[in-house]
Each structure stands twice: as C-alpha cells, then as structure tokens.
Amino acid sequence: MALAFERNQVGVKSFGQSVTVPNDPKAKLMYYLNCMATVLDLEDLPREFTSYSNYRALNDTMAGHLLELCKLMSPDILNGKCIFQVEEMEGSSNKFVELSAAKTTMVATASVMMAGRNVQVAKIMFYKPVWKRTYYDEPIVALQRSLATRSRPALTGSRSSGKKKSNCVLM
C-alpha cells in the first residue's frame with residue numbers, strides 16, 4: 001500500500017542593492033532599462049544600454065535606440081505584470097522581490113520514501129510613483145528634447161537695411 005501527499009510552498013525573498021545613478025537623463029533611462037532587464041531576465045540585452053555609470057559613452061544614435069527600448073518596456077505596459085506601483089515602501093523608491101513556488105510530492109511505501117520537487121521562480125519589482133517619475137517619465141522627455149534639438153538645424157535670422165537674410169547653423 002502506498003501513501004502519497006502533496007505540499008505547495010510559496011517563498012518571497014528580497015534581492016538587489018542600493019546604487020547611485022548619475023543625474024543625467026541617459027543614465028537614468030539606462031538604470032530603468034537595467035531594472036526591467038532584471039525582472040524580465042533579459043541577460044542578452046547589450047550592456048551598452050544598461051551600464052548606467054558609462055552613460056557618456058552613448059552617442060546620439062545609441063541614445064535614440066535607448067529611448068526606443070525604454071518605450072518598448074514602458075511602465076504602462078509592464079505595470080501589473082512584473083512591476084507594481086505601491087504608495088508606501090520603507091527605504092528605497094524601488095524594491096526587487098524573487099517569488100518561488102515549490103510543489104513537493106511525497107510517496108511512501110512500506111520501506112521506501114521518494115520525493116519530487118518542481119520549483120518556478122519569478123522576479124518582480126515594486127516601485128513608488130517618484131521612482132517612475134525620476135527614472136522614466138522625466139528622463140524620456142528630457143532625452144527626446146535633447147536629441148530633437150541636436151538633430152534639427154537652428155535657424156537664425158537678422159534684418160538689416162530692409163533685406164531679409166537667414167543663416168543656417170548646424171549643431
């Protein structure tokens with residue numbers, strides 16, 4: 001005669017560390033993308049886009065790609081799936097949590113016991129509204145403006161003796 005039972009367990013473990021992000025829109029977006037790569041397990045995402053301490057290495061073309069990647073992984077798309085906005089949280093403005101679910105099945109016979117275990121792990125992030133504003137909303141707007149300004153020629157005009165004159169200055 002065999003005796004069997006199953007047990008389900010759920011585990012929650014915080015992980016991550018405090019970091020200092022440079023006060024630059026590119027660095028902040030790179031940090032945001034790094035956080036999303038963490039929760040989505042995007043290990044093959046190029047480091048050029050997530051290494052926020054090296055934000056100065058991004059040229060305008062790469063910064064444009066960074067913007068597009070961040071838009072693809074917008075908080076509006078990911079909220080409620082792998083990131084969750086909370087109003088109250090102690091300490092940092094964001095927090096990573098690893099969830100694990102384990103199902104243990106035990107089967108016992110007169111003299112032998114066997115156990116099987118299947119574990120699934122998911123990573124999520126909680127964030128305060130200030131985190132989204134600081135590392136996504138404001139830097140997206142600032143970097144878009146900066147790139148748009150650099151990609152457009154500036155027009156300057158002056159009037160002298162009634163004749164129109166315009167100079168084009170490329171930046």
Side-chain angles (χ1 to χ4, degrees), residues 12-99 120-171:
V12 178
K13 181 176 83 171
S14 293
F15 71 97
Q17 60 191 21
S18 293
V19 297
T20 301
V21 179
N23 189 19
D24 182 90
K26 284 192 277 188
K28 289 177 179 182
L29 287 174
M30 292 167 81
Y31 170 70
Y32 171 81
L33 198 58
N34 186 47
C35 291
M36 296 309 100
T38 298
V39 296
L40 296 170
D41 282 331
L42 300 176
E43 295 173 5
D44 55 344
L45 193 65
R47 282 222 17 93
E48 293 95 327
F49 295 116
T50 59
S51 182
Y52 48 88
S53 58
N54 295 323
Y55 70 94
R56 287 186 180 102
L58 283 189
N59 60 29
D60 287 351
T61 301
M62 294 295 284
H65 294 312
L66 172 67
L67 269 174
E68 294 308 312
L69 277 170
C70 288
K71 288 177 185 178
L72 285 173
M73 292 184 237
S74 151
D76 296 334
I77 295 169
L78 300 176
N79 200 42
K81 296 173 181 80
C82 61
I83 63 173
F84 300 87
Q85 181 174 309
V86 295
E87 297 301 320
E88 298 289 326
M89 184 171 29
E90 286 187 33
S92 180
S93 60
N94 72 321
K95 179 180 180 179
F96 291 96
V97 176
E98 187 173 78
L99 303 173
Q120 292 181 339
V121 175
K123 296 174 185 164
I124 62 171
M125 185 186 81
F126 296 104
Y127 67 93
K128 292 181 185 176
V130 68
W131 183 89
K132 180 180 175 274
R133 202 169 38 253
T134 303
Y135 296 106
Y136 187 82
D137 296 336
E138 292 170 356
I140 282 275
V141 170
L143 189 55
Q144 283 175 328
R145 275 192 199 133
S146 172
L147 291 175
T149 301
R150 286 187 234 167
S151 68
R152 268 185 274 171
L155 296 175
T156 58
S158 63
R159 293 182 184 211
S160 59
S161 64
K163 295 181 182 179
K164 290 184 181 179
K165 196 181 211 182
S166 67
N167 297 320
C168 206
V169 179
L170 297 177
M171 301 184 124

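Just so it is clear, the values below take in all heavy atoms, side chains as well, and ignore hydrogens, waters and symmetry mates.
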Rounded to the nearest 0.5 Å, what separates atom [atom1] in [X] from atom [atom2] in [Y]?
X	Y	atom1	atom2	result
K71	D76	NZ	CG	12.5 Å
R133	S93	CZ	OG	10.0 Å
F126	S14	CZ	OG	8.5 Å
L33	L66	CG	CG	6.0 Å

Please give me the minimum heavy-atom distance between [X] and [Y], naming the atom from each residue.
X	Y	result
A27	V21	O-CG1, 3.8 Å
M62	N59	N-OD1, 2.7 Å
Y135	P139	C-CG, 3.7 Å
K28	T134	CD-O, 3.3 Å
K128	E87	CG-O, 4.4 Å
A37	L45	CB-CD2, 4.0 Å

Student check: side-chain heavy atoms of [X] and [Y] closer than 4.5 Å:
X	Y	value
L78	L40	yes
T50	L42	no
L29	K26	no
K132	I83	no
K123	F96	no

Should the pair [X] and [Y] be assigned to parallel (<30°), tilted (30 to 60°) or perpendicular (>60°) ring geometry?
X	Y	answer
Y32	Y136	tilted
Y31	W131	perpendicular
F49	H65	perpendicular

> Is it true that the side chains of R145 and T149 contain a donor and an acceptor less than 3.5 Å apart?
Replying inline: no
> Between M30 and L58, does a side-chain contact (heavy atoms from CB on, under 4.5 Å) hold up when you go through it step by step?
Replying inline: CA-CA 10 Å; M30 292 167 81; L58 283 189; 3.7 Å; yes
>> Checking side chain to side chain contact (heavy atoms under 4.5 Å, CB included) between V39 and each of K81, E98, M125, which is the one that passes?
In response: M125
> Has the side chain of S92 got a donor or acceptor atom that lies under 3.5 Å from a matching backbone atom of N94?
Replying inline: yes
